[in-house]
Peer 1: 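What follows is a structure written as structure tokens; I'll ask about it next.
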Amino acid sequence: MAIVKIKGLVKRYPMGGQKFTALDHIDLEFGKGEFCGFVGPSGSGKTTLLNVIGALDAPSEGSTVVLNEHVETLSQKKAAGLRNHHIGFIFQTYNLLPVYSVYENVEFPLLLLKIPKEDRKKKVLDALEWVGLMDKIKSKPAQLSGGQCQRVAVARAIVKRPELVLADEPTANLDSENSYNILEMMVKLNKELETTFIFATHDEKVMKYLRRKVHLVDGKVTKDEIIGKGAQ
Amino acid sequence: MLGVKLAYLNLKEAGLRTWLNVAVLSLTFIFIVGYQGLYVGMLKDSSRAMIDEEVAGGQYWHKNYDPYDALTLEDSHGKIPVSLEELINQKKATPILIRQATIYPAGRMQTAQLRGIDPAQTIVTIPLSFLDNNKEELPVLIGTKMAKAKNLHVGDSLIVRWRDTNGTFDAVEGKIVHIMKTQVQTIDSGVLWVPLDRLREMTVMPDEATIVTISQDVSKYESYSGWPFKDQKFLIRDLTEMVKADSVSAKIMYVILLFLGMLAVFDTQILSIFRRRKEIGTLIALGMTRTQVISLFTIEGVFHGVLALVVSAVIGTPLLYLFSLKGMPLPQVTNEYGFALADRIYPVYTAGLVFGTAALVMVIVTIVSFLPTREIAKLKPTEALKGKLA
Ligand SMILES: Nc1ncnc2c1ncn2[C@@H]1O[C@H](COP(=O)(O)OP(=O)(O)OP(=O)(O)O)[C@@H](O)[C@H]1O
Ligand SMILES: [Mg+2]
């Protein structure tokens, strides 16, 4: 069963009276448990596509079905609900809440889901154990290294066990060792929890891990490359 | 609650700026309560003096009597109803006869009011004992304001002229026997207090009166035809109005202070929304609705008000308490207002004043906290994540 089903997706931006086409008739499907990514030069539309899938951006045309919800017709509130329950985000710049401790940052999505306290604690500790940050529970993001911050962000993205994790250039600010650590962790999560991962990246290190590469150029899919036996 | 904790942490993070806002708001709150308390104290003090020295439990007025129209005074006198007379005999009421007169202090003709009152009465506290034991001359008691205005001193003699019921002029020599200090202007300015029986005799108005003031102990007011009853509230209403009018300039101060507090919080809100666009985008990506994000930022702003109230309670309580003990000395100039005042006024803080001011501060803080958050509603999550403003 496809988790993401995109048909004839067009995204246009107004540009000084004219329209700029950032995504040009995209047709794509992603199944459960995929570990894949959009690759392509800067400005090719990777982030835009990821944002549409994450219901953060409204498409101009076509249909985008994410976890059985039509993103193009989703109300603002419903979109929030979809993200809250089913989608985890990882950003290039980590985007942790600076005033929260590591523990509180990871706990945040569960608070939004109104998960009871005991359950919450277990889940947060599980997630932190996964990313190996049990010793930094009380630290504030400012006291962490970039790699540690991104691990917190990963824990925050997966703590609610979402079906889908969207990661936009998650390694761009990390050195290679931290990049590999993060990627290994994600692969492990993908295997054990069957979480679907979709990346947007032009990092070679990331590409080595992808089992499917969707090549974008000027908002068009130029190549949909399946590597090895990973993707169904 | 999620929002409250996050708001609290963010305010803590903002540090100095938060405390600056809280300081401005607390200052505003304490200033308003303190200053407005002065007016309440002033009104309380003045109305107590007015009740003690003039109004007592209320007054029956002769139907023609109108204190705002001197011309009515001519006809404002009449026989006291029998049952009211009974009250007077029981020492629960005292009659006052008011007549227009002309005096000649230092040879210049001036109009004045002769007020006849029983020197033995116990209803109002005026030093009437001085009016006794005089033989030839008419003993006259006046207030300090009157003494100053007409340049009269104790022991001064002055010619007093009046017209009796038949309209015939008559004159007598009066002597100032005492000058009383009072804050109640209506028993001071232009008033000559004289013994009631002398005035009745002079004007040939036996058993007549203009006003019958009743004791504060009387709780039930009968009505007598031709003698409408004026209660305390009615009789001190001018004072209330005057204090209200006088507090207008203070209110302008409050508005300026509140405006500063408003501006401080408003500015902080605008700035924090501008600075934290990326955080807003992140919160939305994590699954918060815009409404939730808006309430988060609004709570953060409102927290300034809550903190300000806490700080005001901690700092303001001893400060305002001390103020209420020490009072505020009044410069003599203040006496030139419409009403005279005590030398020192002591603020009085009513629950209504404290809670009303707290509510006012909170409402204003809430509004200025909420208004800037409308920017969030316009923000596109994708733009917010990039750190751009819509
Ligand atoms: N809000 C916008 N208004 C106008 N044009 C936009 C807007 N957002 C993106 N674009 C354009 O859409 C195109 C795709 O942008 P996008 O951010 O998806 O690229 P990308 O593939 O993620 O690039 P990068 O690798 O640099 O992150 C770009 O040419 C960009 O200029
Ligand atoms: Mg991008």
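Lettering of chains follows the sequences in order, A, B, ..., and the numbering in each one begins at 1. As the structure is a prediction and not an experimental result, all values here were calculated from the model.
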Peer 1: Can you confirm whether A/Asn51 sits close enough to B/Lys380 that some side-chain heavy atom of one is under 4.5 Å from a side-chain heavy atom of the other?
Peer 2: no
Peer 1: Less than 4.5 Å apart, any side-chain heavy atom of B/Thr282 and any of A/Leu96?
Peer 2: no
Peer 1: Around atom CG of A/Asp126, are there more than 12 heavy atoms of other residues, nucleotides or ligands at under 6.0 Å?
Peer 2: yes
Peer 1: Which atom names give the shortest non-hydrogen contact between B/Ala285 and A/Phe89, and what distance separates them?
Peer 2: O-CD1, 3.3 Å
Peer 1: Do A/Asp168 and B/Leu385 have side-chain heavy atoms sitting under 4.5 Å apart?
Peer 2: no
Peer 1: Are side-chain heavy atoms of B/Thr291 and A/Lys77 found at a separation under 4.5 Å?
Peer 2: no
Peer 1: For the residue pair B/Lys5 and A/Tyr100, would you count it as a cation-pi contact if the rule is NZ or CZ under 6.0 angstrom from the ring centre and within 45 degrees of the ring axis?
Peer 2: yes
Peer 1: Between A/Gln76 and B/Thr289, is there a donor-acceptor pair closer than 3.5 Å when you use the side chain of the first and the backbone of the second?
Peer 2: no
Peer 1: With side chains defined as the heavy atoms from C-beta onward, is the minimum distance between A/Asn84 and B/Met288 less than 4.5 Å?
Peer 2: no
Peer 1: Distance check, rounded to the nearest 0.5 Å: A/Ile87 atom CD1 versus B/Leu286 atom CG?
Peer 2: 11.5 Å
Peer 1: Can you find a heavy atom in the side chain of A/Val99 that is under 4.5 Å from one in the side chain of B/Tyr8?
Peer 2: no
Peer 1: Side-chain contact test, heavy atoms from C-beta onward, threshold under 4.5 Å: evaluate it for B/Leu9 versus A/Glu104 and give yes or no.
Peer 2: yes
Peer 1: Would you say A/Tyr13 has more than 12 foreign heavy atoms packed within less than 6.0 Å of its OH?
Peer 2: yes
Peer 1: Among A/Thr48, A/Leu82, A/Asp57, which has the most heavy-atom pairs under 4.5 Å with chain B?
Peer 2: A/Asp57
Peer 1: Pick one of side chain, backbone, both or neither for A/Leu56, based on which atoms fall under 4.5 Å of a heavy atom in chain B.
Peer 2: both
